[in-house]
**Q** 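Have a look at the structure that comes next, please.
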Amino acid sequence: MKFIPYARQSISKEDIEEVSKVLRDDFLTQGPLIPKFEELISSRVNARYSTAVNSATSALQIACQVLKLEENDWLWTSPNTFAASANCALHCKAKVDFIDIDKKTYNISVAKLRTKLIEAKVENKLPKILIAVHYAGQSCKMKEIKELSLEFNFRIIEDASHALGGKYLNDPVGCCKYSDITIFSFHPVKIITTGEGGVAVTNNSDLDKEMKLLRSHGISRDKNDLPQHSDKEIWNYAQIKLGYNFRLPDINCALGINQISRLDEFLTKRHQIARTYDLAFKNLQIREPWQDANCYSSFHLYPIRIIENPSKINRNFIFKELKKRNIGVNIHYIPVYRHPIYEKIGFKSGYCEEAESFFREVITLPIFPGLTEEQQSYVIESIFKIFQK
Ligand SMILES: *Cc1c(COP(=O)(O)O)cnc(C)c1O
């Protein structure tokens with residue numbers, strides 16, 4: 001069998017045509033497709049404003065900055081995530097801490113969050129920002145988290161890099177009912193792609209305006225932002241903040257615009273694949289990803305957990321055997337604080353028990369819209385064969 005990756009983009013003829021059109025057009029970047037893409041994203045996720053950027057990492061950076069994360073502030077997040085969800089704190093010179101995950105959802109544990117907030121209040125170390133990560137595409141318990149934010153006075157960013165198209169309590173993930181800002185990723189392994197890309201959505205026009213400034217050097221063309229000057233000078237723009245070049249080119253937006261028209265098709269396919277795995281593994285010593293009735297997951301990942309079994313087949317063995325069979329299984333995630341740069345800050349192995357036991361037992365299986373029935377059967381048969389060994 002040819003190599004099967006754990007994730008990959010799905011590119012149609014139409015995607016290619018739309019990108020080619022931009023190449024013949026006037027604007028490769030800073031053109032009309034940026035606001036068009038942004039409008040499609042906002043209306044899909046039901047948020048008022050959206051700022052497209054060149055990655056979700058950039059989106060996290062500007063989101064933290066506009067929420068005024070500064071030196072000596074605390075940012076809290078999940079350890080079961082990609083490092084970018086925590087790195088943004090370090091880039092702002094803030095301090096970072098991690099809340100252990102829930103046994104069932106693998107998202108931040110609300111009970112542990114509450115306990116830690118009570119302790120932090122006593123020590124005067126409450127976080128300024130919490131980043132809630134919707135692991136594998138299933139939303140965190142945002143209602144409870146929002147209530148805690150009102151009680152303990154912190155801001156919320158949803159890292160929905162996995163969760164475009166997902167729902168929570170019948171609202172689309174990204175509606176920002178329970179958060180200040182939600183960010184999404186359009187990396188090729190994610191739900192839709194722009195090559196590289198990301199977006200920050202919000203219902204707050206001030207936050208949005210500032211994120212748009214930071215995306216493009218902090219330069220404004222708004223008359224109200226231009227300094228007073230003599231008639232001899234012409235000021236058509238002014239730099240009023242220290243920003244970045246985090247812009248998403250029109251070439252990439254063209255791909256995003258067509259990809260979003262395919263989003264429902266992608267989600268249906270991901271759910272079909274998940275259902276097929278669920279049924280197949282029913283009688284194996286495997287824990288399938290538990291689904292919360294309040295959520296509709298976008299199934300960015302299909303994580304299985306290898307639990308203790310009579311035949312003593314462990315995760316590492318299964319992982320290696322699947323690799324041998326050309327199946328691109330993966331581990332999501334190494335707890336962020338275990339990475340050497342976080343160990344240098346002082347984090348020790350064992351800090352979040354549940355995240356660590358998950359890390360030792362998880363394998364993420366291939367799931368993406370183009371995964372064929374034949375490929376999926378091969379993955380399933382391979383797992384059965386390993387268990388029969
Ligand atoms: C992919 C991912 C990111 C980073 O996305 P980029 O677009 O590659 O910068 C951040 N957080 C999570 C949870 C991710 O999965």
Side-chain angles (χ1 to χ4, degrees), residues 5-9 37 41 50-65 75-92 96 98-99 101 105-108 129-140 142 156-166 173-174 179 181-201 211 214-215 244-249 252-253 255-256 259-260 270 289 297-303 330-339 342 352 355 358-359 362 364 367-368:
Y6 85 90
R8 69 161 286 151
Q9 69 277 14
F37 182 48
I41 292 288
S50 112
T51 298
V53 285
N54 57 2
S55 71
T57 303
S58 302
L60 285 165
Q61 179 66 31
I62 59 175
C64 286
Q65 271 182 243
L75 177 145
W76 290 5
T77 190
S78 167
N80 187 31
T81 184
F82 181 60
S85 319
N87 292 346
C88 50
L90 304 184
H91 282 297
C92 292
V96 66
F98 299 91
I99 319 299
I101 58 173
T105 64
Y106 316 137
N107 279 330
I108 252 177
I129 296 178
L130 176 83
I131 299 189
V133 182
H134 304 319
Y135 175 76
Q138 178 164 261
S139 176
C140 297
M142 292 312 299
I156 301 171
I157 299 171
E158 292 175 72
D159 182 343
S161 294
H162 299 181
L164 183 69
V173 169
S179 62
I181 297 169
T182 303
I183 68 98
F184 295 96
S185 171
F186 308 128
H187 183 276
V189 299
K190 304 288 164 67
I191 308 294
I192 67 165
T193 190
T194 58
E196 295 277 3
V199 72
V201 303
M211 288 197 285
L214 292 179
R215 159 177 73 180
Y244 307 92
N245 180 351
F246 282 169
R247 294 185 303 255
L248 185 62
N252 305 68
C253 289
L255 180 54
Q259 286 264 308
I260 204 165
R270 286 179 179 277
S297 174
S298 36
F299 274 113
H300 164 55
L301 300 173
Y302 189 89
N330 213 325
I331 306 285
H332 294 93
Y333 285 96
I334 301 168
V336 174
Y337 61 82
R338 293 286 309 276
H339 287 288
Y342 284 88
C352 293
F358 184 60
F359 166 48
V362 70
T364 47
I367 185 165
F368 53 91

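Position 1 is the first residue of the sequence; numbering continues from there. Numbering of ligands and ligand atoms starts at 1, following listing order.
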**Q** Of the side chain and backbone of Ala56, name the one, both, or neither that has a heavy atom under 4.0 Å from an atom of ligand 1.
**A**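 For Ala56, backbone and side-chain atoms both sit under 4.0 Å from ligand 1.
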**Q** Specify the protein heavy atom at minimum distance from atom 15 (O) of ligand 1: its residue, its atom name, and the distance to 0.1 Å.
**A**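 The protein heavy atom lying closest is His162 NE2, 2.8 Å.
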**Q** Out of curiosity, is Gly197 lining ligand 1, as in a heavy atom under 4.0 Å away?
**A**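 Contact present.
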**Q** Just going by heavy-atom distances, which of Asp159, Val53, Thr57 is nearest to atom 11 (N) of ligand 1?
**A**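 Comparing heavy atoms across Asp159, Val53, Thr57, the nearest one to atom 11 (N) of ligand 1 lies in Asp159.
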**Q** Can you check whether Phe37 and Phe186 have ring centres sitting under 6.0 Å from each other?
**A**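 Between Phe186 and Phe37, which both carry aromatic rings, the centre distance is below 6.0 Å.
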**Q** For Asn80, give me all partners under side chain to side chain donor-acceptor pair (under 3.5 Å), at least two apart in sequence or on another chain.
**A**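 By the side chain to side chain donor-acceptor pair (under 3.5 Å) rule, Asn80 matches no residue at all.
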**Q** For the residue pair Tyr106 and Phe358, is the inter-centroid distance of their aromatic rings smaller than 6.0 Å?
**A**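 For Tyr106 and Phe358, the ring centres are under 6.0 Å apart.
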**Q** Does Phe184 approach ligand 1 within less than 4.0 angstrom via side chain, backbone, both or neither, non-hydrogen atoms only?
**A**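 None of Phe184 does.
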**Q** Run the numbers for me: atoms of ligand 1, each under 4.0 Å from some heavy atom of Tyr333, listed by number.
**A**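 Numbered from 1, ligand 1 contributes 15 (O).
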**Q** Using the benzene-type ring in the case of Trp, are the ring centres of Phe184 and His162 under 6.0 Å apart?
**A**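 No.
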**Q** Report the residues that fulfil salt bridge (Lys or Arg N to Asp or Glu O under 4.0 Å) with Arg270, sequence neighbours left out, ordered by chain and then residue number.
**A**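 Not a single residue meets the salt bridge (Lys or Arg N to Asp or Glu O under 4.0 Å) criterion with Arg270.
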**Q** Short list, please: which atoms of ligand 1 are under 4.0 Å from a heavy atom of Ser85?
**A**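 Contacts of ligand 1 toward Ser85, numbered from 1: 11 (N).
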**Q** Give the residue and atom name of whichever protein heavy atom lies nearest to atom 10 (C) of ligand 1, and the separation in Å to one decimal.
**A**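 Looking only at protein heavy atoms, the one closest to atom 10 (C) of ligand 1 is Ser161 OG, 3.4 Å.
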**Q** Passes side-chain contact (heavy atoms from CB on, under 4.5 Å), Ile157 versus Thr182? Steps please.
**A** CA-CA 6 Å; Ile157 299 171; Thr182 303; over 6 Å; no
**Q** What do you reckon, does His187 have a nitrogen or oxygen under 3.5 Å from a nitrogen or oxygen of ligand 1?
**A**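 Min N/O separation from ligand 1 is not below 3.5 Å for His187.
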**Q** Taking Arg8 for the side chain and Phe368 for the main chain, is one N or O donor matched with an acceptor at less than 3.5 Å?
**A**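 No, Arg8 side chain to Phe368 backbone: no donor-acceptor pair under 3.5 Å.
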**Q** Strictly under 4.0 Å, does any heavy atom of Gly198 approach an atom of ligand 1?
**A**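 Judged by the 4.0 Å heavy-atom criterion, Gly198 does not count as contacting ligand 1.
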**Q** Checking the side chain of Asn252 only, and the main-chain atoms of Thr194 only, is there a donor and an acceptor separated by less than 3.5 Å?
**A**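 It does hold such a pair.
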**Q** Heavy-atom contacts with Thr81 under 4.0 Å: which atoms of ligand 1 show up? List them by number with element.
**A**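 Near Thr81, meaning under 4.0 Å from one of its heavy atoms, ligand 1 has 13 (C).
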**Q** Return the closest protein heavy atom for atom 2 (C) of ligand 1 as residue, atom name and distance.
**A**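 Scanning the protein heavy atoms, the shortest distance from atom 2 (C) of ligand 1 goes to Lys190 NZ, 2.6 Å.
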